[in-house]
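Worksheet: the structure to be examined is printed underneath.
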Amino acid sequence: MTEAAAVAAESLAGSKARAARTVLGQVVLPGEELLLPEQEDVEGPGNAGERPLRLNAGVRSRVRVVCGPGLRRCGDRLLVTKCGRLRHKEPSGGSSGGGGVYWVDSQQKRYVPVKGDHVIGIVTAKSGDIFKVDVGGSEPASLSYLAFEGATKRNRPNVQVGDLIYGQFVVANKDMEPEMVCIDSCGRANGMGVIGQDGLLFKVTLGLIRKLLAPNCEILQELGKLYPLEIVFGMNGRIWVKAKTIQQTLILANVLEACEHMTADQRKQIFSRLAES
Amino acid sequence: MKETPLSNCERRFLLRAIEEKKRLDGRQTYDYRSIKISFGTDYGCCMVELGKTRVLGQVSCELVSPKLNRATEGILFFNLELSQMAAPAFEPGRQSDLLVKLNRLLERCLRNSKCIDTESLCVVAGEKVWQIRVDLHLLNHDGNIIDAASIAAIVALCHFRRPDVSVQGDEVTLYTPEERDPVPLSVHHLPICVSFAFFRQGTFLLVDPSEREERVMDGLLVIAMNKHREICTLQSSGGIMLLAEQVLRCSKIAGVKVAEITELIQKALENDQKVRKEGGKFGFAESIANQRITAFRMEKAPVDTSDVEERAEEIIAEAEPPPEVVSDPVLWTPGTAQIGEGVENSWGDLEDSEKEEEEEEGGSDEAIVLDSVTVDPGVDGPSAGSRDAPIVLSDSEEEDMVILEPGKDPQTIRTQTVRAKQEPVPSRKPARRRRKKRPAQ
């Protein structure tokens with residue numbers, strides 16, 4: 001830890017930016033500065049160390065670089081805002097030169113709303129023509145009663161205080177109140193809306209949610225073999241699960257919570273034991 | 001910050017589960033969560049974990065003048081703090097109703113039960129007595145604060161040592177720990193709070209409610225008791241009507257629970273004493289379990305790299321004759337031909353086409369698709385260090401590289417190479433290969 005802190009202090013003091021490509025998979029700390037690979041190439045290796053480069057360097061920046069969570073563009077610099085491991089994903093088209101998505105994989109419980117995220121919220125108040133929805137962020141999100149499938153001025157959705165809502169953020173930035181909708185751009189519900197009255201809601205870390213939502217997640221496939229179940233994952237760390245009986249629902253919830261600290265072997269053992277009983 | 005509201009769905013589920021005698025964490029009705037007691041390096045410092053609820057206790061002492069009406073008694077002072085770290089809903093620097101209630105209950109449980117001999121804390125009657133201060137901090141809130149706090153307070157008091165004092169005539173001497181061993185407080189008995197939560201107007205009863213159970217309960221009964229089954233405090237809140245038999249039953253359960261917890265406390269104190277005497281390692285750092293997050297771990301798949309080269313050659317040999325990959329070249333003009341559905345290609349003048357290709361690599365989409373299978377030529381196949389990385393095989397003849405997944409059978413790999421060759425842009429390459437091969441055959 002002290003070593004990592006020393007690295008951060010050095011990078012802050014000397015304003016020495018590390019190249020993003022060299023620290024992939026390594027721990028980065030808030031305040032650190034990164035250099036993007038295509039800028040290194042253009043400037044030559046000698047120059048790149050001294051001077052942070054622009055993201056939008058005119059003609060040169062043919063490659064599209066996306067800053068994911070934990071990274072922020074600050075003027076012409078790329079800053080780290082979260083503590084965690086730096087990750088990179090190549091663009092889907094090809095790997096021509098340093099484009100793609102960079103983000104920081106961190107472990108946290110506090111959710112910060114992000115535009116486009118699907119979350120589970122709890123309705124806390126009905127006021128006028130909007131609902132206030134608690135999503136676990138710093139302030140409640142607003143949800144218009146017209147933002148449901150088939151809702152009109154006359155035909156209001158049946159939503160009570162305390163109900164669970166699965167929706168998507170359309171406005172989420174640091175200066176404005178976050179806003180949710182329960183329809184997609186075509187006006188279809190697409191799975192969103194009010195979640196049924198049964199089932200259990202529980203909270204896990206955000207990292208576990210991302211892991212579970214990853215394509216081809218083994219945990220979920222194994223879980224599906226265990227019992228027939230209905231499950232909703234919110235990017236805000238909330239999971240709603242419903243199985244046939246209360247006992248099964250409880251088992252599923254506890255297994256999902258425990259998965260975070262289990263190795264693949266331990267997990268397989270537990271699943272096989274559950275399948276037997 | 002506002003408290004996270006409890007959804008209707010959670011409330012309904014919890015009540016239904018309680019009716020079926022099930023709890024969220026798999027406990028039985030009368031079960032406590034696991035209790036863990038750990039000690040700090042200093043005397044009188046302890047941490048009590050009750051499931052995920054966590055309370056830190058610290059005892060300190062001071063020489064003060066006694067209260068006027070009790071000249072020969074030391075002073076006991078309790079203070080519980082609910083920090084925002086425990087739950088975001090707790091506001092700092094404000095005495096909430098819950099906090100006042102908890103502090104009052106603690107005082108009644110520990111001071112009014114006279115578990116500490118306050119007379120032994122007197123140094124000079126009417127002039128100097130010891131003031132013992134117990135500070136309790138809630139570090140994490142997951143329900144049943146009062147039980148955890150009462151355990152933490154009594155454990156900290158049992159663990160505490162005050163400096164030794166001697167009085168000779170008018171002279172009072174205070175000894176440092178180096179001069180004389182500090183003395184423990186005289187503890188008469190260990191009062192411990194046990195909470196009972198009632199649901200459905202007292203129909204259902206749970207011991208040690210968790211945070212979510214506390215939110216849906218109708219009433220709470222707290223019984224403070226010591227191991228001799230003497231009730232020190234009894235408090236019912238929430239305004240439910242309890243029958244006499246219910247209270248009696250609760251006190252019986254409390255007796256059992258208190259006996260278990262007292263035994264645990266004594267064992268923990270003995271262990272700490274033993275470790276300190278033997279000069280082993282003690283303190284919080286020793287007792288914190290190392291929990292690893294494994295959900296993000298990449299499984300290391302062992303890759304056999306011993307016969308990679310032979311296998312690669314085998315695969316290349318198998319994949320070599322491209323059956324219907326190259327369609328018949330269409331001859332547009334002498335020296336210009338088209339293969340497949342690609343753009344026109346003039347492979348008569350090689351230099352030009354190479355330039356074109358370089359340009360296309362940057363620009364057009366088709367070139368990028370090809371790039372996804374070609375890899376930086378600097379990386380050589382078997383030496384590509386990391387075992388997790390896909391193996392890269394170099395097809396030395398054409399500087400055309402193919403990525404092979406370690407587990408794939410040759411058939412799929414072959415289709416991959418074939419697909420790569422089907423790309424319209426490098427149409428020159430397969431053609432050239434054929435030309436090269438012919439003399440060999």
Side-chain angles (χ1 to χ4, degrees), chain A residues 25 62 85 90-97 105 107 110 120-125 134 136 138-140 160-165 195-205 207-208 210-212 214 219 238 240 242 245-247 249-251 253-254 257 259-267, chain B residues 1-27 52 88-89 140 142 210-212 289-301 358 360-376 386 388 403 423:
Chain A
R62 293 175 308 198
R85 282 180 153 195
E90 296 288 344
S92 52
S95 62
S96 37
D105 232 354
Q107 195 64 14
R110 164 70 54 207
I120 299 178
I122 304 167
V123 179
T124 53
D134 176 274
S138 60
E139 62 173 332
Q160 307 300 325
V161 170
D163 277 359
L164 292 182
I165 298 276
I195 299 177
Q197 292 295 326
D198 298 328
L200 174 64
L201 179 82
F202 60 100
K203 282 195 78 175
V204 296
T205 59
L208 182 60
R210 286 199 297 269
K211 178 74 187 172
L212 290 167
I219 301 172
R238 289 187 180 148
W240 176 88
K242 184 188 167 191
T245 63
I246 287 197
Q247 178 73 26
T249 313
L250 280 174
I251 289 173
N254 282 319
E257 262 178 57
C259 271
E260 193 171 19
H261 298 295
M262 278 194 287
T263 60
D265 295 339
Q266 286 172 325
R267 202 173 62 223
Chain B
M1 213 185 119
K2 261 191 171 175
E3 199 176 19
T4 314
L6 193 75
S7 65
N8 296 345
C9 144
E10 281 167 280
R11 186 182 301 275
R12 194 168 312 183
F13 186 90
L14 275 166
L15 287 174
R16 268 179 56 197
I18 288 162
E19 280 167 26
E20 288 187 21
K21 307 257 178 222
K22 299 219 167 64
R23 296 175 77 168
L24 287 185
D25 37 15
R27 282 184 286 161
K52 280 180 187 157
N140 192 33
D142 192 31
S210 70
E211 200 250 356
R212 284 206 270 186
N290 202 353
Q291 263 201 328
R292 281 167 193 273
I293 294 159
T294 56
F296 277 120
R297 218 175 62 178
M298 296 283 194
E299 292 297 326
K300 273 190 184 169
E358 272 167 21
E360 275 168 352
E361 251 180 311
S364 78
D365 279 348
E366 293 156 307
I368 291 168
V369 176
L370 173 72
D371 282 354
S372 68
V373 288
T374 62
V375 170
D376 191 4
S386 104
D388 291 337
I403 297 176
E423 291 306 324

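Residue numbers begin at 1 in each chain, while the letters A, B, ... track the order of the sequences.
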Considering only heavy atoms, which portion of A:Leu164 lies under 4.5 Å from any heavy atom of chain B: side chain, backbone, both, or neither?
side chain
The reported gap from CZ in B:Arg212 to CG in A:Leu200 (rounded to nearest 0.5 angstrom) is 5.5 Å
Not counting sequence neighbours, which residues clear side chain to side chain donor-acceptor pair (under 3.5 Å) with B:Arg11? List them please.
none
Looking only at A:Glu139, A:Glu257, A:Arg110, A:Gln160, the option with the highest number of non-hydrogen pairs under 4.5 Å against chain B is A:Arg110
Can you tell me if B:Asn8 uses its side chain to pair, donor with acceptor, with the backbone of A:Val161 under 3.5 Å?
yes
So, do B:Arg16 and A:Asp198 sit near enough that their side-chain heavy atoms are less than 4.5 Å apart?
yes
Max heavy-atom pairs within cutoff under 4.5 Å with chain B, candidates A:Thr124, A:Ile122, A:Val123, A:Ile246, goes to A:Ile246
Contact part of A:Asp134 toward chain B, heavy-atom cut-off under 4.5 Å: side chain, backbone, both or neither?
side chain
Donor-acceptor pair, side chain of A:Asn254 and main chain of B:Leu24, under 3.5 angstrom:
yes
Among B:Gly26, B:Cys9, B:Pro88, who wins on heavy-atom pairs under 4.5 Å with chain A?
B:Cys9
For A:Lys203 and B:Thr4, run side chain to side chain contact (heavy atoms under 4.5 Å, CB included): C-alpha distance rounded to whole Å, both residues' side-chain angles, the deciding distance at 0.1 Å, then the answer.
CA-CA 11 Å; A:Lys203 282 195 78 175; B:Thr4 314; 5.6 Å; no
Side chain to side chain contact (heavy atoms under 4.5 Å, CB included) between A:Thr249 and B:Lys22: does it pass, once the steps are laid out?
CA-CA 11 Å; A:Thr249 313; B:Lys22 299 219 167 64; over 6 Å; no
